[in-house]
K.L.:
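Got a structure for you, written out below as structure tokens; questions coming shortly.
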There are 2 protein chains.
Amino acid sequence: MTDEAWRDQLRSRGQRVTPQREAILRALSALPHPTPESIHAALVAEEPGLSLSTVYRTLAVLQELEIVSHAHIGSGPPVYHLVERPPHIHLSCLRCGAVVSVPVESAAGFTRDVAASTGFRIDATHSAIYGVCAGCGTIGP
Amino acid sequence: MTDEAWRDQLRSRGQRVTPQREAILRALSALPHPTPESIHAALVAEEPGLSLSTVYRTLAVLQELEIVSHAHIGSGPPVYHLVERPPHIHLSCLRCGAVVSVPVESAAGFTRDVAASTGFRIDATHSAIYGVCAGCGTIGP
DNA sequence: CTGTGTGCAAACGGTTTGCAAGACT
DNA sequence: AGTCTTGCAAACCGTTTGCACACAG
């Protein structure tokens, strides 16, 4: 999504385009798995005085407009990302906390089977799945 | 797991058996998807003065001993349960909040594929997966 | 000019921790 | 008796909110 695109999307929905919102959208496309805090930390340099509450409020607005989405990773803060990116599942390492992404198609068979047997329609992009990453797995059990 | 079993398991690992711990273990086997708070709420009647910190500390100990496990459901508090074989995956409905369980084998193909392609070894029992349950799915999109 | 968005600081809910008193072994 | 566990209260972290000012439209 280009700068133009979200500007239009914001304005057409009665939302204002502010320097803070532009900065947050830039951070969202630049950072790999940003949390509200990491977005704030990454931006205080270029946008001095940017408050954490603005980050939270902006993320809420962008979510409402379906420009961004978020996933919960363990007990920690959620990670946000632009929706245009190919949908992916977050895998969170129980040992080192690393977050690995895999395309949703990886779970296609699983979601199909569950839907067939229980009627539950899984959307695997909204939550992280735990496990042990390749690096940590080679060290111990 | 019987009362005897966890008593032994606690003592054999150098942990003490206290009325509070017994009460918490009873609550874990009685309540469907208990959170630390709901365990505390359910026990204050029979164990007056039981503190929330004790619930948290006991759950941490029981987790360490692999007597209980927990799963994160959305941004809310985690739900705990006794480690049962067969292990379950928790599916959480985004509409009504219902928690549906499916055997971990449902995801066997998915976990195998991910391990093969990324080396990440998934343990799907540690996190809830979002979606829309059968009941809610029949009403709308 | 109007009303929305912002910064600040304080409130909030869930969780953790320091400490002294208490209880299990 | 000695050490682990508890209760209490305060600290803590991520998030939300109330308010007055700033600024996009």
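Everything numeric in this text was worked out from a predicted model, so none of it was measured. Below, chains carry the letters A, B, ... as their sequence lines are ordered, and counting in each starts from 1.
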K.L.:
Under the rule for side-chain contact (heavy atoms from CB on, under 4.5 Å), what residues qualify as partners of A/T35, not counting sequence neighbours?
P.N.:
A/E37, A/S38, A/P77, A/V79
K.L.:
State which residues pass side-chain contact (heavy atoms from CB on, under 4.5 Å) with B/P19; sequence neighbours excluded, sorted by chain then number.
P.N.:
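Only B/E47 meet the side-chain contact (heavy atoms from CB on, under 4.5 Å) criterion with B/P19.
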K.L.:
Return the value, rounded to whole Å, for the distance between atom CD of B/E47 and atom C1' of C/dA23.
P.N.:
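The answer, rounded to whole Å, is 13 Å.
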K.L.:
Quick one: which of C/dG5, D/dG7, D/dG25 gets closest to the side chain of A/R11?
P.N.:
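In terms of side-chain proximity for A/R11, the closest of C/dG5, D/dG7, D/dG25 is D/dG25.
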K.L.:
Taking atom P of D/dA24 as reference, at what distance in whole Å does atom CG of A/L10 sit?
P.N.:
14 Å
K.L.:
Evaluate the ring planes of A/H33 and A/H88, with Trp represented by its six-membered ring, and classify them as parallel (under 30°), tilted (30 to 60°) or perpendicular (over 60°).
P.N.:
perpendicular
K.L.:
Could you list all N or O pairs between the protein and nucleotides 16-23 of chain D that sit under 3.5 Å apart?
P.N.:
unit_1, atom_1, unit_2, atom_2, d
D/dG18, O6, A/R57, NH1, 3.3

K.L.:
With respect to the side chain of B/S51, which nucleotide from C/dG7, D/dG7, D/dA24 is positioned closest?
P.N.:
D/dG7
K.L.:
Taking OP1 and OP2 of D/dC4, is either one under 4.0 Å from a side-chain nitrogen or oxygen of B/Q15?
P.N.:
no
K.L.:
Mind checking the CH2-CG spacing from B/W6 to B/L65? Nearest 0.5 Å is all I need.
P.N.:
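The distance works out to 13.0 Å.
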K.L.:
Starting from C1' on C/dT4, measure out to CG on A/L65 and report it in whole angstrom.
P.N.:
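Atom CG in A/L65 sits about 14 Å away from atom C1' in C/dT4.
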K.L.:
Could you state the CG-P distance from B/L62 to D/dT5, rounded to the nearest angstrom?
P.N.:
11 Å
K.L.:
Can you list everything that forms a side chain to side chain donor-acceptor pair (under 3.5 Å) with B/R57? Sequence neighbours excluded, please.
P.N.:
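Residues passing side chain to side chain donor-acceptor pair (under 3.5 Å) with B/R57: none at all.
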K.L.:
Would you indicate what A/P48 reaches in the nucleic acid, counting non-hydrogen atoms under 4.0 angstrom: base, sugar-phosphate, or nothing?
P.N.:
nothing
K.L.:
Residues of residues 29-41 of chain B with any non-hydrogen atom less than 4.0 angstrom from an atom of DNA chain D: list those, numerically ordered, please.
P.N.:
none
K.L.:
How long is the line joining CG of A/L43 and P of C/dG7, in whole Å?
P.N.:
11 Å
K.L.:
Which comes earlier along DNA chain D counting from the 5' end, the contact point of B/Q20 or that of A/V17, where each point is its nearest nucleotide?
P.N.:
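Result of the comparison: B/Q20.
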K.L.:
Check salt bridge (charged side-chain N to carboxylate O under 4.0 Å, His left out) between A/E46 and all other residues, then give those that pass, not counting sequence neighbours.
P.N.:
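Checked A/E46 against salt bridge (charged side-chain N to carboxylate O under 4.0 Å, His left out); matches are A/R26.
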K.L.:
Nearest whole angstrom, please: distance from the C1' of C/dT25 to the CZ of B/R13.
P.N.:
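Value for this atom pair: 19 Å.
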K.L.:
Between D/dT15, D/dT5, C/dT25, which one does the side chain of B/R21 approach most closely?
P.N.:
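From the listed options, D/dT5 comes nearest.
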K.L.:
Would one find a side-chain N or O of A/T18 under 4.0 angstrom from OP1 or OP2 of D/dA24?
P.N.:
no
K.L.:
Atom CG of B/L91 and atom OG of B/S101: how far apart are they, to the nearest 0.5 Å?
P.N.:
7.5 Å
K.L.:
Applying the 4.5 Å side-chain criterion to the ILVMFWY set and letting contacts propagate, would B/V132 and B/V100 be lumped into a single cluster?
P.N.:
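Result: no, two separate clusters.
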K.L.:
Spell out, yes or no, whether A/V99 and A/V104 are grouped together once hydrophobic residues are joined by side-chain heavy atoms under 4.5 Å, including indirect joins.
P.N.:
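Not linked; separate clusters.
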